[in-house]
K.L.:
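Got a structure here, written out as structure tokens. Questions coming.
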2 protein chains.
Amino acid sequence: MLQVTDVTDVAADADCCTPLTRETIDADRAEDLARKLKALADPTRLRLVSIVAASEGEEACVCDLIEPVGLSQPTVSHHLRILMEAGFLSRSKRGTWAYYKLVPGALGQLSQLLDVTASR
Amino acid sequence: MLQVTDVTDVAADADCCTPLTRETIDADRAEDLARKLKALADPTRLRLVSIVAASEGEEACVCDLIEPVGLSQPTVSHHLRILMEAGFLSRSKRGTWAYYKLVPGALGQLSQLLDVTASR
DNA sequence: GCCGAATATTGACAACCTTCGATATAGTCG
DNA sequence: CGACTATATCGAAGGTTGTCAATATTCGGC
């Protein structure tokens, strides 16, 4: 009940958002939620998000991400693109470098959708 | 904050739990988290969880789940097994019927892991 | 304008996932 | 016991995913 206002905010948001439960989720929203979860459901991508989140300004350069995850540069780029398309990261180029940054609230919003069931 | 006690519970729990961020997640925990997320990252399984969660006692019989999702009985059984192995549902047989029930706190725990980034 | 460096895209391949029909298992009621 | 019903398992088909090497693109410096 603490979340009533948040919930409404969230409902006004882009492409999602009303509780996962109580009323059963409809097929379209399930599809949408699944797409976001799928973007996170990979160990490498979780590590990328985590590293970015722990970096200065919640932002990191591709060149700093390749070595920690131990995969090829194209593979890392691929994962970053998926995370961006799912709305978890945003990209900004500065010179030759590409910086990926956490989209504020994206993880929290997803988290709330899952939490609803648990919080009642 | 209402959930402080839950949080400690959860921290004492099986195979997970410390923030997704600040300290970067290690490969093992990423693997583990990814496995759970992957179990949820399917539209059909989200709908199954949702229907179960919205049912009396957060529990539903397989026979009641087949028609709503519109897939074959073996397919539904398969998805339920995945959700069970990931720790989101538990099964209890009563006579010929199999009842799947939400595991209390499982979704909430996952939710918290994601939320950490957002909450700081 | 050209060269080198950082990132993105493409194409290919193996592994895995979702789904189904067919079949096996387990439990109920005559 | 035997037929029926509910659920699980198996095997196969088609689609999707993660990964890499090779290549394209974009940008800064000489």
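Throughout, protein chains are lettered first and strands after them, A, B, ... in sequence-line order, and every chain is numbered starting at 1.
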K.L.:
On DNA chain D, check which nucleotide each of A/W97 and B/T96 is closest to and give me the residue with the more 5' one.
P.N.:
B/T96

K.L.:
Taking the six-membered ring of B/Y99, is NZ or CZ of B/R91 closer than 6.0 Å to its centre and within 45° of its axis?
P.N.:
no

K.L.:
Any Lys/Arg nitrogen of B/R29 or B/D32 sitting under 4.0 Å from an Asp/Glu carboxylate oxygen of the other?
P.N.:
no

K.L.:
Tell me: CD of A/Q73 to P of D/dT23, nearest whole Å?
P.N.:
15 Å

K.L.:
To the nearest angstrom, how far is B/R94 atom CZ from D/dT7 atom C1'?
P.N.:
15 Å

K.L.:
Are B/R91 and D/dA8 close enough that a side-chain N or O sits under 4.0 Å from OP1 or OP2?
P.N.:
yes

K.L.:
Rounded to the nearest angstrom, tell me the gap between atom CG in A/L71 and atom P in D/dG18.
P.N.:
11 Å

K.L.:
By nearest heavy atom, map B/D42 and A/L80 onto DNA chain C; which one lands nearer the 5' end?
P.N.:
A/L80

K.L.:
Starting at atom CG of B/L65, determine the distance to atom P of D/dA6, rounded to an integer number of angstrom.
P.N.:
14 Å

K.L.:
What is the nucleic acid contact for A/R45, judged by heavy atoms within less than 4.0 Å: base, sugar-phosphate only, or nothing?
P.N.:
sugar-phosphate

K.L.:
Between D/dT7 atom P and B/L89 atom CG, what is the distance in whole Å?
P.N.:
15 Å

K.L.:
Please set out all donor-acceptor pairs under 3.5 angstrom arising from side-chain atoms of residues 71-84 of chain A, sequence neighbours excluded.
P.N.:
{"unit_1": "A/S72", "atom_1": "OG", "unit_2": "A/T75", "atom_2": "N", "d": "3.3"}
{"unit_1": "A/S72", "atom_1": "OG", "unit_2": "A/T75", "atom_2": "OG1", "d": "2.9"}
{"unit_1": "A/Q73", "atom_1": "NE2", "unit_2": "A/S77", "atom_2": "OG", "d": "3.4"}
{"unit_1": "A/H79", "atom_1": "ND1", "unit_2": "A/R45", "atom_2": "NH1", "d": "3.0"}
{"unit_1": "A/R81", "atom_1": "NH1", "unit_2": "A/E85", "atom_2": "OE2", "d": "2.9"}

K.L.:
Could you please spell out the steps behind the side chain to side chain contact (heavy atoms under 4.5 Å, CB included) verdict for A/V49 and A/L107?
P.N.:
CA-CA 10 Å; A/V49 167; A/L107 280 176; 4.0 Å; yes

K.L.:
Could I get the full list of side-chain hydrogen bond (donor to acceptor under 3.5 Å, both in side chains) partners for B/E31, not counting sequence neighbours?
P.N.:
none

K.L.:
Along DNA chain C, 5' to 3', what are the outermost nucleotides having an atom less than 4.0 Å from a heavy atom of chain B?
P.N.:
C/dT18 to C/dT28

K.L.:
B/K38 NZ to D/dT17 P: how many Å, rounded?
P.N.:
11 Å

K.L.:
Given that A/H78 and B/D64 both sit by DNA chain D, which one's nearest nucleotide is further toward the 5' end?
P.N.:
B/D64

K.L.:
Touch check for B/Y100, heavy atoms < 4.0 angstrom, all strands: base, sugar-phosphate only, or nothing?
P.N.:
sugar-phosphate

K.L.:
Could you walk me through whether B/W97 and B/C63 pass the side chain to side chain contact (heavy atoms under 4.5 Å, CB included) check?
P.N.:
CA-CA 8 Å; B/W97 292 273; B/C63 57; 3.7 Å; yes

K.L.:
Only one of A/L40, A/L33, A/L37 passes side-chain contact (heavy atoms from CB on, under 4.5 Å) with B/L40; say which it is.
P.N.:
A/L37

K.L.:
Report the nucleotide, chosen from D/dA8, D/dT19, D/dT9, that has the shortest atom-to-atom distance to any side-chain atom of B/V62.
P.N.:
D/dA8

